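Step one of this worksheet: look at the structure below.
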Protein chains: 2
Amino acid sequence: MALIENTTAPVSGPAQLLAEMVADRIRQKVVSGELSPGEHLSEVALSEELQVSRNTLREVFRLLTKEGILRHEANRGVFVATPSISTIIDIYRIRRLIECQALAEGYPNHPAIARMKKAVEAARQAREEGKWLSVGSADIAFHAAIVELADSSRLSSFFAQILLELRLVFGLLQDPEYLHAPFVDQNQKLLEQVELGNFRTAAEMLDSYLLQAERFIMLAYARAIEG
Amino acid sequence: MALIENTTAPVSGPAQLLAEMVADRIRQKVVSGELSPGEHLSEVALSEELQVSRNTLREVFRLLTKEGILRHEANRGVFVATPSISTIIDIYRIRRLIECQALAEGYPNHPAIARMKKAVEAARQAREEGKWLSVGSADIAFHAAIVELADSSRLSSFFAQILLELRLVFGLLQDPEYLHAPFVDQNQKLLEQVELGNFRTAAEMLDSYLLQAERFIMLAYARAIEG
DNA sequence: CTGTCCATAATGTTGAACAATCTTTCCTGT
DNA sequence: ACAGGAAAGATTGTTCAACATTATGGACAG
C-alpha cells in the first residue's frame, strides 16, 4: 500500500550538479548586494529559501569559504566575508604582481586581446547607459582577460576569485559612478598600447593605474566605514 | 524506556572541524603515495576507513577538488588527479611568474628569509641521511618561503596549492634522488645571493633554475609514462 | 561478436535525528 | 537594582537511512 509511495519528490534529476548551481546563486547574491558583508547565513533559512537540503548547502559553504567570499567560524556558522584594509592591500598587491607580469609578457594576436577589446566596448556602452554595475562587470572582465594572456588555467581561475573578492569590496563602497567611471578610459588606453604591440609600455601604465586605483579605493573604503 | 537511549555515539566533540582533519589525512595519503593518481575514491569505502559519514566526506571531496588534487566526474565520483604534460607546463609557468617576481621585489631582513635558510639546512640534512622524500619537502618549503616574500596571504595559500599539485607530479616520477638532489645546491646558491641583498640577481638565477627544472621534470615524466 | 536489456552498484540528494556549542532569558542572592 | 549563573532555546556539527538517478557489467539474443 501507500507505505512504498515516495513522499520526497525531486521529480527531475539534476542536469548539472546541484551544489554548483547553488554556489552560483549565492555568488550572485553576494555580488549583487542582496547579501551584505558580515551577514550571517543560517543553514536552515538558506536551505529552505534555496530549496536544498542542509547537507548540500554545507557543501556549497565549504566551496565558497575556500573561495574567500564566505568566512567560517566554528560552531557559529558562515558569514559573508567582510573585506578589511588588509584585504584591499592584499588584492592589489596580487593584481600588480600578476596582471603586470601577464601583460608584459603578452604577445600580438593572442585571443585574450579580443576579449579585452570586447570588455572595453561593453564598458563604454554601459557607461553611456548609466549602468554602473555593468561598468564594474566589464572592468572585471577586462582585467580577467589580461591575466588570460599568461595562458594558465590555474592562474586565471585564481585571479577570478581575487576579482570576485574585489567585487565584495565594491559592494561596500558607495557611489559606483565615481568609482568605476575613470577605469573605462584607462582600460581603453591600455588596449591601444596592446594593439600596437607595446606590451612593456602597457604593463608600466597598468602598474601606475593599479597603484592609483588602490589609493582611490582605500580612500573610498575609509570614507565608507566612517560615514 | 529505552526509546530515548542514544545509539549513535560520537563520545567526544570535535576539537577542530572534522572535515578539515579528514582533508589533511587525504592530502597526506596523496602526497605520501598511499593514493595514486587516477585512483578512484569510493565514498562508502573511504567513509568507513576514515570513520566519517558520507556527507562529511563529500564536503572534504569538494574542498580537495577545488584544491586541484582530486578530480570530480559527474555521477562517477572523485579520482586522484592525474597530472599531465599541460599540468606541468601550467605549474612552472606560474612558478616562474610568481616566485621570480616575489624574489625580485624582496628586501633584506624579511622574516621569510629565515624560513628559506631553515629549509636549505633541512634539505642538506635530509640529503646526507638519504631521506629523499624529506629533501622534496624541504625544497617545497624553500619555494613557499620565497613566495612569502611578497607578503600576501592569498598568494601564499594559492601557491601552496600549486606546490601540492607539484608533489603529485613527483609522486608519478621514479628515482627521487636523481630528482631532488640537484635542487639542494641551487637553493643554497639562491639563499647566498638573497643574504647578500642581491634580490634581482637571485630572481634571474631562479628563473633559469625553474626553466631547467621544468625541462628536467618533463623528461622524467615522459620517461615515466612510457616505461 | 555485437547490441540490448536487466541486475547491481555507485553517486546525488534529502530529511530526520542527536550531540556539542553558542545565545538569550530569567532567576536568584546580595 | 544589578552582577552572576543556571536553565532554556536556537544553531551548528555529524551521523544515518532512505531513495532517485546514473553508470557498470553481464546474460542473452541475433
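Protein chains get the first letters and strands the later ones, always in sequence-line order, with residue 1 at the start of each. Every value quoted in this text rests on a predicted model; they were computed, and no experiment measured them. Hydrogens, waters and symmetry mates play no part in the numbers below; they use all other heavy atoms, side chains included.
- Legend: ring pair (Phe, Tyr, Trp, His ring centres under 6.0 Å) pairs involving residues 48-89 of chain A, not counting sequence neighbours, sorted by first then second residue: A/H40-A/F79.
- Using a 4.0 Å cut-off on heavy atoms, none of the residues of residues 59-69 of chain A approach DNA chain C.
- Aromatic ring orientation, B/F158 versus A/F158: parallel (interplanar angle below 30°, classes split at 30° and 60°).
- In this view, B/Q161 and A/K66, B/E67 satisfy the side-chain contact (heavy atoms from CB on, under 4.5 Å) rule, not counting sequence neighbours.
- For the segment residues 39-58 of chain A, the set of residues with a heavy atom within less than 4.0 Å of an atom of DNA chain D comprises A/H40, A/L41, A/S42, A/E43, A/R54, A/N55, A/R58, in numerical order.
- In this structure A/R127 satisfies the side-chain contact (heavy atoms from CB on, under 4.5 Å) test together with A/R124, A/W132, A/V135, A/V184, A/D185, sequence neighbours excluded.
- Judged as a salt bridge (Lys or Arg N to Asp or Glu O under 4.0 Å), the pairs with a partner in residues 133-161 of chain A (not counting sequence neighbours) are, in order, A/R115-A/E148, A/R154-B/D90, A/R154-B/E165.
- Distance B/Q16 CD to C/dT21 C1': 16 Å, rounded to the nearest Å.
- Rounded to whole Å, the distance from CG on A/L18 to C1' on D/dA20 is 13 Å.
- For the salt bridge (Lys or Arg N to Asp or Glu O under 4.0 Å) test, no residue two or more places apart in sequence or in another chain qualifies with A/R167.
- Spacing between atom CZ of A/R76 and atom P of D/dA10 amounts to 18 Å, rounded to whole angstrom units.
- Checking C/dT13, D/dG13, D/dA23 against the side-chain heavy atoms of B/N75 singles out D/dA23 as nearest.
- If you measure from atom NE2 of A/H72 to atom P of D/dT11, you get 16 Å, rounded to the nearest angstrom.
- Rounded to whole angstrom, the span from the CG atom of A/L17 across to the P atom of C/dA10 amounts to 19 Å.
- For B/Y221, there are no ring-ring contact (aromatic ring centres under 6.0 Å, His included) partners, not counting sequence neighbours.
- With sequence neighbours excluded, the residues forming a side-chain contact (heavy atoms from CB on, under 4.5 Å) with A/E20 are A/Q16, A/L17, A/L63, B/R62, listed by chain and number.
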